[in-house]
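So the structure is just underneath, and the comments pick up after that.
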There are 2 protein chains.
Amino acid sequence: MACRQSGLQMTPLREAAVSELWRAERPLTAYELLARLSEIAGRNLGPPTVYRLLDTLCQHGIARRIESLNAYVACHRREHDHECIFLLCQECGGATEIEDNGLERLLRKQAETAGFEMTRRVVEVSGVCAPCRTAVDSDGA
Amino acid sequence: MACRQSGLQMTPLREAAVSELWRAERPLTAYELLARLSEIAGRNLGPPTVYRLLDTLCQHGIARRIESLNAYVACHRREHDHECIFLLCQECGGATEIEDNGLERLLRKQAETAGFEMTRRVVEVSGVCAPCRTAVDSDGA
DNA sequence: AATGTAATGTTATACTATTGCATAACTGCG
DNA sequence: CGCAGTTATGCAATAGTATAACATTACATT
Ligand SMILES: [Zn+2]
Ligand SMILES: [Zn+2]
Ligand SMILES: [Zn+2]
Ligand SMILES: [Zn+2]
């Protein structure tokens, strides 16, 4: 992995957490991650441990919380100082991150119009991803 | 109130729930609403009751869930068949709904580019609202 | 070794939400 | 009216998500 820019020291636990989030092909809940890390560690970790890991990784932009799923993913982009836009598939549970392309500006402008100072934003789109659409189409459903 | 278009029958409980959401000057959690409705009813309602009320109201577009707060607000717009954009103030806890102005189209277009069929979206902006900004400014902080 | 800091462990608890089944209220009909 | 079908509500238990508070460990500096 290559995410060590920002002065975050990579401990074995953090290493394992990032690795599991990367391996997963969909967002993991905190307790799912907890179970996997416990298995890896060979002992039962507590909820605070995994929530602290997730907090730390999220603060460094390495992991992201999906608000509408109560779940967490690894951010797949190089620069970790951005806000993500996620496409969340209702069929396969997958989360895809897409490029911003002006949405940030548009949103910031509209917030400004309301006199609102924006510090964070959540943009999550639910629906059906391309692979799942073709799968459904060929069902003849 | 004037939200009876869509074939939702207004029972006393639903009436009270809508009323409390309107009166509140910020989003209410399910359990906050539960407490208020219990007080109004003069007996203790159970969690399922309030979650069912909220489900129903959300399905009819009368109430909305704020994903990043685990809380609920009454939608303040006439047409209840839209997706909302919320500005959430970190100072006062207030939630303001703003007009869409092309965001929906932009987002749908970008989803389409990814071959994604969009059925729902969440857009929530956190920051500081206009009144709270002026309040902070005049603090000399 | 003594100190300080960051990280992790542990226990308990708070908060959010749903399942499953029972009962009540309302509707339409014979 | 009596009844069936439907919608709404009541209720108990439990599942799922997250944090508080405090103890301990690991590691770097002196
Ligand atoms: Zn990202
Ligand atoms: Zn899919
Ligand atoms: Zn709205
Ligand atoms: Zn405010």
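Since the structure is predicted, the reported quantities are computational estimates derived from the model, not experimental observations. Protein chains get the first letters and strands the later ones, always in sequence-line order, with residue 1 at the start of each.
A 4.5 Å side-chain heavy-atom check between B:Ile62 and B:His80 finds at least one atom pair inside the cut-off. No side-chain heavy atom of A:Cys92 sits less than 4.5 Å from a side-chain heavy atom of A:Pro131.
By the 6.0 Å contact criterion, CD on A:Gln90 is enclosed, its count of non-hydrogen atoms from other residues, nucleotides or ligands being greater than 12.
Across C:dG20, C:dT10, D:dA18, the shortest atom-to-atom separation from the side chain of A:Asn70 is found for D:dA18. When the nucleotides D:dT9, D:dT17, C:dT10 are ranked by their closest atom to the side chain of B:Leu13, D:dT9 comes out on top. Each of C:dG20, D:dT7, C:dT18 was ranked by its minimum atom distance to the side chain of B:Gln9; first place goes to D:dT7. Side-chain proximity of B:Pro48 to D:dG10, D:dA12, D:dT17: nearest is D:dA12. Relative to the side chain of A:Arg52, the nucleotides D:dA18, C:dT8, D:dT9 differ in distance, and C:dT8 lies closest.
Distance, A:Leu69 CG to C:dA17 C1': 15 Å, rounded to whole Å. Protein atom CD of A:Glu67 is 14 Å distant from nucleotide atom C1' of C:dT16, rounded to whole Å. A straight line from CG of A:Leu34 to P of D:dT19 spans 14 Å, rounded to a whole angstrom. Between the C1' atom of C:dA17 and the CZ atom of B:Arg65 lies a distance of 9 Å, rounded to the nearest Å. Computed from coordinates, the A:Gln59 CD to C:dA6 P distance equals 13 Å when rounded to whole Å. For the pair A:Tyr51 OH and C:dT11 C1', the computed distance is 16 Å after rounding to whole Å. To the nearest angstrom, C1' of D:dT7 lies 15 Å from CG of B:Leu57. The CG-P distance, from B:Leu33 to C:dC15, rounds to 17 Å in whole Å.
When the side-chain nitrogen and oxygen atoms of B:Arg43 are compared with OP1 and OP2 of D:dG10, one or more of them lie within a distance under 4.0 Å. Under 4.0 angstrom from either OP1 or OP2 of D:dG10 there lies at least one side-chain N or O belonging to B:Thr49. Between B:Thr11 and the phosphate of D:dT7, there is no side-chain N or O to OP1/OP2 separation shorter than 4.0 Å.
Look at A:Glu39 and A:Arg36 and you find no salt bridge, because none of the NZ, NE, NH1 or NH2 atoms lies under 4.0 Å from a carboxylate O. At a threshold of 4.0 Å, the pair A:Asp100-A:Arg77 does not count as salt-bridged, since none of the basic side-chain nitrogens sits closer than that to a carboxylate oxygen.
By the side-chain hydrogen bond (donor to acceptor under 3.5 Å, both in side chains) test, A:Gln110 is found to be paired with no residue, residues two or more places apart in sequence or in another chain being considered.
In this structure, the helix from C:dA1-D:dT30 to C:dG30-D:dC1 shows an angle of 10° between the axis at its start and the axis at its end, each fitted on 5 base pairs and rounded to 10°.
Here the straight-line distance linking atom CH2 of A:Trp22 with atom NE2 of A:His76 works out to 4.5 Å at 0.5 Å rounding.
Counting only distance, with no hydrogens or angles, the side chain of A:Glu124 and the backbone of A:Glu67 share a donor-acceptor pair below 3.5 Å.
Not a single donor-acceptor contact under 3.5 angstrom links the side-chain atoms of A:Tyr31 to the base of D:dA15.
Residue B:Arg14 is in sugar-phosphate contact alone, with no base atom involved, counting any heavy-atom pair closer than 4.0 Å across all strands shown.
Toward the 5' end of DNA chain D, the nearer of the two residues B:Leu45 and A:Tyr72, judged by each one's closest nucleotide, is B:Leu45.
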